[in-house]
Amino acid sequence: MKRILQIIFCILSVSAAYGSIVNAAAAETESLKSPDGRLQADFILDDGVPYYTLTRDGSPVIGKSRFGMKLSDSGLYDWFEIFNVETSCFDETWKPVWGEEAEIRNHYNEMAITLRQTSSDRRMVLRFRLFDDGLGFRYEFPDHGNLIYFVITDELTEFAMTGDHTAWWIPGDYDTQEYDYTESRLSEIRGLLGGAISDNLSQTIFSETGVQTALQLKTDDGLYINLHEAALVNYPAMHLELDDSKMVFKAHLTPDPNGDLAYMQTPCVTPWRTIIVSDDARDILASRITLNLNEPCKIDDTSWIHPYKYVGVWWEMITGKSSWSYTNDLRSVHIDTDDLSKVQPNGTHGATTDNVKKYIDFAAEHGFDGVLVEGWNVGWEDWFGNMKEYVFDFVTPYPDFDVDGIQKYAAEKGVKMIMHHETSGSPRNYERHLDTAYTFMKEHGYDAVKSGYVGNIIPKGNNHYNQWMVNHYLYAVEKAADYRIMVNAHEAVRPTGLCRTWPNLISNESARGTEYQGTNGSKTFHVTVLPFTRLIGGPMDYTPGIFEMDISKVNPNNHTHANFTLANQLGIYVVMSSPLQMAADLPENYEKFMDAFQFIKDVALDWEKSIYLEAEPGEYVTVARKAKGTGQWFVGNVTGKKPYTSRIRFDFLDPGKEYVATIYSDTPQTDYRTNPQSYSIRQVRCTSESTLIQDTAEAGGYAISFREAGPQDRKLKRLK
Ligand code: NOJ
Ligand code: CA
């Protein structure tokens, strides 16, 4: 009975949500409302050309924006008539394998407009899904006799801005997302980006007004708009190109070596184009549109997928203290791998059995799940030296890395080893070796791999985000699922929520990670922007937890200064949710600050519930999360370009209970440049009625762990 009522309600609400208008100028409009009625998407067919608009409470969010595709032999952008319109609604709650919440509601009204091109009798469907917090739409090409194989040479989709909004953007680039963000007006992009191009800062930035998604925007009226895509499968990644004379973004797809964009065969669909919108920045972070627009999980048994807190032989290579490669003698690298004894070691190789054991000991002592080791396998000299296609075979260790001995040692200590596959940007070589590489992993007790795609893609002319590479990344993840292997791909295409379908994709890099803080530094607001941009598509292997900001203390030849405070590093573990989190610094740096390190040991990685408490891109993000299983609460804050006073109520805690909050924070003396290691740890008693007022520094933050109070805590101060 309840279900019947639900269905009746659903039909009523959609018929109320949908209407058709034919106006005087012969434009036809089909309208769809969000379940709460506040958002409205209009489809407009104007003289045979399809457009859409999006309004919120009657005010425009996206102005009249075009749909269409150019094909190699024709076009699908005009001469259309509406052939059919179907509406429906959907409301279900599903359980992700891991993530920010134990349950996610997927609730939207849908409208599918089938268009017929009168000149060709071809069909194209535009499917809209309108949620309370935004819109997703995609193109569908049904299996209709007049369109079978086709090549897309341009996607004409537009996103018309209603003004000169503020944007947090990185340059459109076919090969990397590892940029610092710029906050500017849309009208300033050309000057800033054009300048960077003329200064030859990058060879691969493709235009003076091209930017990447997820793009975060804010209007002068305080509306937050986020543009991205969901379910990027068998299609190139979308950048956005701004026509700054009109403030209209147009889709700019990543080309293949021929300049073609996408090879299609009906029936087929494009990824969803997403527009998340709210007048409260917290809603952008809490939106689940990207996940909801992806297909349900395709892995039947997910019991082998688990969160991973790990340390690794990694930061020492990033900072230049040790090397990935075993030798500096490039003449000896074309080695017969049976005869490695002839190679002269360089004495700085990081992945030695002894060094790895040190990390395993540290992981075991502090309750970490895993140890990542980079530079364990033959090929690094060749890669740096020659950049050729056949660099790594992913199964041949250097002579000082004892695979079997390490496997045994780690197993005895209850620690898992995490595999590293640097593909050297050579996906063909990787695909050739994938079965043997994954088999080798399983034989040696590895159930997770960090893969990487540094350098220009080989074969030449390809790039990181074209259709062929997008397919490669997913192929590696799907194949990994067959082997029950979890994947954390670096330099791969930015995520678009595919972890819902393939939850063995436990993280990605695909943005500027902590590695830059060991070589160039990053802007102080970086981690307050990432949640609004990179993380919209899925978790990031950001590799936080650096406690020594003076990098010359790790490697005397490296004079980089890392731009953040120690408390900021702790806050990241809560703010930037990921089932895979690294404690990236060296064990000896943690040993100096064991009281602060305790937070990294304690913090959970998988959540029952998440509540965004404060958020403003570039300035601050504060979130409370309740751990799955234990029910323990944690709070994290990261602060950006200027100091901040955070005011939060603990009303997420169970009413009537008393808790102890352990607060790890910046101090009045903390300064990310001169005094980044100044932090305080204090304990207070608190309840769901307590309010915390906490000052933070630029590039600072704080972290809190909660536990229920006991009689021994009576002497602690009580927070009002
Ligand atoms: C770049 C990755 O982001 C980094 O984490 C890794 O250490 C290097 N590539 C080497 O594979
Ligand atoms: Ca990287």
Side-chain angles (χ1 to χ4, degrees), residues 170 173 175-180 202 204 212 308 310-326 348-351 355-356 359 370-385 387 391-394 398 401 418-427 429-430 437 448-458 463-465 469 473 476 487-495 506-522 526 530 534 539-546 551 554-555 558 560 562 578 580-586:
I170 55 174
D173 188 319
D175 277 300
T176 182
Q177 297 129 1
E178 298 185 6
Y179 287 101
D180 257 323
S202 169
T204 50
Q212 305 204 30
Y308 243 118
Y310 73 105
V311 292
V313 182
W314 179 73
W315 189 239
E316 49 185 277
M317 278 90 93
I318 293 291
T319 54
K321 177 180 193 274
S322 55
S323 63
W324 281 276
S325 55
Y326 174 72
T348 56
H349 185 217
N355 197 28
V356 171
Y359 281 83
V371 175
L372 163 79
V373 183
E374 298 198 2
W376 69 278
N377 58 326
V378 167
W380 289 86
E381 302 79 2
D382 214 6
W383 178 36
F384 291 136
M387 281 300 282
V391 172
F392 297 108
D393 68 5
F394 313 99
Y398 282 125
F401 183 88
I418 301 178
M419 177 49 77
H420 184 232
H421 291 163
E422 174 51 67
T423 68
S424 66
S426 182
N429 182 53
Y430 193 39
V449 59
K450 169 180 172 178
S451 56
Y453 295 85
V454 171
N456 293 333
I457 298 295
I458 305 165
N463 53 57
H464 281 72
Y465 313 135
M469 283 305 292
Y473 304 125
V487 175
N488 161 30
H490 279 224
E491 294 89 30
V493 72
R494 58 200 159 58
I506 50 173
S507 219
N508 269 119
E509 181 193 42
S510 309
R512 188 182 182 92
T514 304
E515 60 184 345
Y516 286 84
Q517 298 277 14
T519 48
N520 315 58
S522 294
H526 194 53
L530 285 173
R534 165 62 184 75
M540 176 167 180
D541 182 31
Y542 187 69
T543 67
I546 300 303
I551 306 301
V554 176
N555 169 15
N558 182 338
T560 310
S578 171
L580 179 82
Q581 287 281 19
M582 184 178 204
D585 213 335
L586 310 181

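Only a predicted model underlies this, so the values are computations on that prediction, with no experimental measurement involved. When a ligand or atom number is given, it counts from 1 through the structure's own listing order.
Not a single heavy atom of E178 sits under 4.0 Å from any atom of ligand 1.
Neither side chain, D541 nor Q581, offers a donor N or O lying under 3.5 Å from an acceptor on the other. A donor atom on one side chain and an acceptor atom on the other are not found under 3.5 Å apart for Y453 and H490. At a cut-off of 3.5 Å, with distance as the only test, no side-chain donor of Q212 or Y465 sits close to an acceptor on the other residue. A donor-acceptor contact under 3.5 angstrom links the side chains of Y179 and D173, judged on distance only. Counted by atom type alone, Y326 and E381 present zero donor-acceptor pairs between their side chains at under 3.5 Å.
The single protein non-hydrogen atom nearest to atom 5 (O) of ligand 1 is K450 NZ, 2.6 Å, given as residue, atom name and distance. In terms of protein heavy-atom proximity, atom 1 (C) of ligand 1 is closest to E491 OE2, 2.9 Å. Looking from atom 9 (N) of ligand 1 to the surrounding protein, the closest heavy atom is V454 CG2, 3.2 Å. E515 OE1, 3.3 Å is the protein heavy atom nearest to atom 4 (C) of ligand 1. Residue, atom and distance of the protein heavy atom nearest to atom 11 (O) of ligand 1 are E422 OE1, 2.6 Å. Ranking the protein heavy atoms by distance from atom 7 (O) of ligand 1 puts E374 OE1, 2.5 Å first.
Distances below 4.0 Å separate heavy atoms of E509 from the following atoms of ligand 1: 3 (O). With ligand atoms numbered from 1 in the order given, ligand 1 contributes 4 (C), 5 (O), 6 (C), 7 (O) to contacts under 4.0 Å with heavy atoms of W314. Shown in contact with H420 at under 4.0 Å from a heavy atom are these atoms of ligand 1, numbered in order with element: 11 (O). Short contacts between ligand 1 and W324, defined as distances under 4.0 Å to a heavy atom of the residue, involve ligand atoms 7 (O), 10 (C).
For W380, every heavy-atom contact with ligand 1 shorter than 4.0 Å involves the side chain, none the backbone. With a 4.0 Å heavy-atom cut-off, ligand 1 is reached by no atom of M317.
Side-chain N or O atoms of E422 include one that pairs as donor or acceptor with a backbone N or O of V454 at under 3.5 Å. Checking side-chain atoms of T560 against main-chain N and O of I551 turns up no donor-acceptor pair under 3.5 Å.
The nearest N/O/S atom of E515 to the Ca ion (ligand 2) is OE2. The closest approach of E178 to the Ca ion (ligand 2), by N/O/S atoms, is made by OE2. Taking the Ca ion (ligand 2) as reference, the nearest N/O/S atom within E491 carries the name OE2.
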Inset, instruction - Starting from the C-alpha separation in whole Å, work towards a yes-or-no answer on side chain to side chain contact (heavy atoms under 4.5 Å, CB included) for Y398 and N377. - result: CA-CA 5 Å; Y398 282 125; N377 58 326; 5.8 Å; no

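Applying ring pair (Phe, Tyr, Trp, His ring centres under 6.0 Å) to W324 and the options W314, F392, W380 leaves one that passes, W380.
Counting only heavy atoms from C-beta outward, the side chains of V311 and M582 never approach each other to under 4.5 Å.
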